[in-house]
Protein chains: 2
Amino acid sequence: MEDLRNDRDSWSNANCSIARAMDIVGSRSTILIMRDALLGTRRFDDFVRRVGIGEPAMAARLKELVGAGLLERIPYREPGQRTRHEYQLTAKGRELVPVITALRNWGDTWATDDTGPPILATHHDCGQPVRAVLRCEAGHDVADGDVDIIAGPGLIRQG
Amino acid sequence: MEDLRNDRDSWSNANCSIARAMDIVGSRSTILIMRDALLGTRRFDDFVRRVGIGEPAMAARLKELVGAGLLERIPYREPGQRTRHEYQLTAKGRELVPVITALRNWGDTWATDDTGPPILATHHDCGQPVRAVLRCEAGHDVADGDVDIIAGPGLIRQG
DNA sequence: TTGCTGGCTTCTATAGGCAGAAGTCAGATC
DNA sequence: GATCTGACTTCTGCCTATAGAAGCCAGCAA
């Protein structure tokens, strides 16, 4: 590990999947939009009120998220209303659940006060609270400290 | 759930543990610093080169992370060198492993190219790759789509 | 005592993000 | 046709973030 660190001046962050993920969902408002989408919010005005950012910023974020394929802009029509559009989660968006769950677990441990749990996530089948945990492919539960993290071929700067 | 959405104009984001977590680790550079800290980077110059941001920005980020308790500034001394300082992960920082792992899983699935896996995380005991997965307290594995997410008492705006 | 090096801090200049208010637009209702 | 509403877009002005270059400081080595 030491050799690797000393050999290389820098990483190829453009190819790091963490850096790329952060390019897409790496702002507070983006994560809060996805949180609200997971809570069931669909409409522009509701997003604006609940996330607490201005309309121009929300329009830009939603456009980015639709462009990145995390949300889909779907026409719908309520009786007596004209056709409107709502923002629905795609598979790509829904697969952020582990990220948001891990973030929530961490925030609940290290950054809460005493007004109660802010978000509840439960297993649909049994109703029990859900957490993000680490597991290896051999099926072992893995503690945070038992993970070896090293730079792979995609991170090491080419040339 | 519908009633809840219609009853409330907005959430109390200041109390949302996701929002708070994002206030601390919610920027690209912060996450990349924590990624590199997990990869073993300790020194200011290495952080600057590997994360790829300027020195003033790095100094500010590191100060924030030390202030937030994710990193600790520790004096050390190599033989024949004067005393210097390095940045070590705290428990609070190391517990971001599930967040970063979930982010990496997502990025590997939805935002990679073909130059190979950027980061490898393996179980220290058995060497197998590690993933972030969802589990409920009854011990069931939970798929992304089987999580019910609702607003808890801490999120709903008081008054 | 004069480098030299790591680890910052200061300065400047620019680019981007965001709120708030106001304007636009489509189409259903009256 | 006039009005109304949700869903934006445009405009203005601020405020922050960042890069890049340069300067500063401590203290071991020569």
Side-chain angles (χ1 to χ4, degrees), chain A residues 2 5-6 8-11 13-14 19 22-33 36-37 40-68 71-88, chain B residues 5-6 9-11 13-14 19 22-33 36-37 40-68 71-88:
Chain A
E2 194 64 26
R5 285 207 293 281
N6 291 336
R8 306 292 175 169
D9 268 2
S10 56
W11 310 134
N13 284 313
M22 287 303 287
D23 287 340
I24 299 172
V25 293
S27 76
R28 181 188 141 103
S29 56
T30 303
I31 286 285
L32 293 186
I33 290 168
D36 279 342
T41 301
R42 298 269 163 93
R43 285 165 48 177
F44 184 83
D45 274 19
D46 291 333
F47 278 116
V48 169
R49 274 197 302 275
R50 289 173 185 163
V51 175
I53 66 174
E55 293 182 357
M58 181 57 73
R61 290 300 138 267
L62 287 174
K63 218 168 263 179
E64 286 169 14
L65 287 170
V66 169
L71 295 176
E72 221 171 345
R73 193 161 174 274
I74 307 268
Y76 73 100
R77 178 161 190 172
E78 288 175 359
Q81 295 289 315
R82 61 183 251 243
T83 301
R84 302 191 183 286
H85 294 86
E86 62 178 12
Y87 296 89
Q88 289 190 9
Chain B
R5 283 207 293 283
N6 290 335
D9 268 4
S10 56
W11 308 134
N13 284 314
M22 288 303 287
D23 287 341
I24 299 171
V25 294
S27 77
R28 182 188 141 103
S29 56
T30 303
I31 286 285
L32 294 185
I33 290 167
D36 279 342
T41 301
R42 297 270 164 91
R43 285 164 47 175
F44 185 83
D45 275 19
D46 291 334
F47 278 117
V48 169
R49 275 196 302 275
R50 289 173 184 162
V51 175
I53 67 174
E55 294 181 358
M58 181 58 73
R61 290 298 139 268
L62 288 173
K63 218 167 263 181
E64 286 169 14
L65 288 170
V66 170
L71 296 176
E72 220 171 344
R73 194 162 173 272
I74 308 268
Y76 73 100
R77 178 163 191 171
E78 289 175 0
Q81 295 288 315
R82 61 181 251 243
T83 302
R84 300 192 184 286
H85 293 86
E86 62 178 13
Y87 296 89
Q88 288 190 10

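All heavy atoms count here, side chains included; hydrogens, waters and symmetry mates do not. The chains referred to below are lettered A, B, ... by the order of the sequence lines, with proteins before strands, and numbering in each begins at 1.
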J.: Can you name the nearest heavy-atom pair linking Leu71(A) to Leu62(A), along with the distance?
T.: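 Smallest interatomic distance, heavy atoms only, reads CD1-CD2, 3.7 Å.
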J.: Picking from dT9(D), dG6(D), dG6(C), which would you name as closest to the side chain of Arg43(B)?
T.: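 In terms of side-chain proximity for Arg43(B), the closest of dT9(D), dG6(D), dG6(C) is dG6(C).
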J.: With a non-hydrogen cut-off below 4.0 angstrom, is Arg28(B) in contact with a base, only sugar-phosphate, or nothing?
T.: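 The answer is nothing, as Arg28(B) stays clear of every strand by at least 4.0 Å.
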J.: For Thr83(A) and Glu64(A), take the nucleotide of DNA chain C holding the closest heavy atom to each; which residue's nucleotide lies nearer the 5' end?
T.: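 This one resolves to Glu64(A).
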J.: Is there a side-chain polar atom (N or O) of Tyr87(B) under 4.0 Å from OP1 or OP2 of dG6(C)?
T.: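 No, outside the criterion.
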J.: Provide, to the nearest angstrom, the distance between the NE2 atom belonging to His85(B) and the P atom belonging to dA26(D).
T.: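 Nearest whole value for this atom pair: 13 Å.
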J.: Just the table, please: protein N/O against nucleotides 18-21 of chain C N/O, every pair under 3.5 Å.
T.:
residue, atom, partner, partner atom, Å
dC18(C), OP2, Arg61(A), NH2, 2.7
dA19(C), OP2, Gly54(A), N, 2.8

J.: I want to check something: taking the side chain as every heavy atom from C-beta on, are Tyr87(B) and Glu72(B) in contact at a cut-off of under 4.5 Å?
T.: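 No; the side chains remain at least 4.5 Å from each other.
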J.: Starting the side chain at C-beta, find the nucleotide from dC8(C), dG6(C), dG6(D) nearest to Arg84(B).
T.: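 The listed nucleotide nearest to Arg84(B)'s side chain is dG6(C).
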J.: What distance separates Ser27(B) OG from Glu64(B) CD, expressed to the nearest 0.5 Å?
T.: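 These two atoms lie 7.5 Å from each other.
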J.: Tell me whether the side-chain N/O atoms of Tyr76(A) come closer than 4.0 Å to OP1 or OP2 in dG6(D).
T.: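 Result: no.
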J.: Is there a side-chain contact between Lys63(B) and the phosphate of dT9(C), meaning an N or O under 4.0 Å from OP1 or OP2?
T.: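 Lys63(B) to dT9(C) OP1/OP2: side-chain N or O found under 4.0 Å.
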J.: Which residues satisfy the side chain to side chain contact (heavy atoms under 4.5 Å, CB included) test with Glu86(A), sequence neighbours excluded?
T.: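 Here the qualifying residues are Arg42(A), Ile74(A), Tyr76(A), Gln88(A).
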J.: For a 4.5 angstrom cut-off between non-hydrogen side-chain atoms, does Ile33(B) reach Met58(B)?
T.: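 Ile33(B) reaches Met58(B) side chain to side chain.
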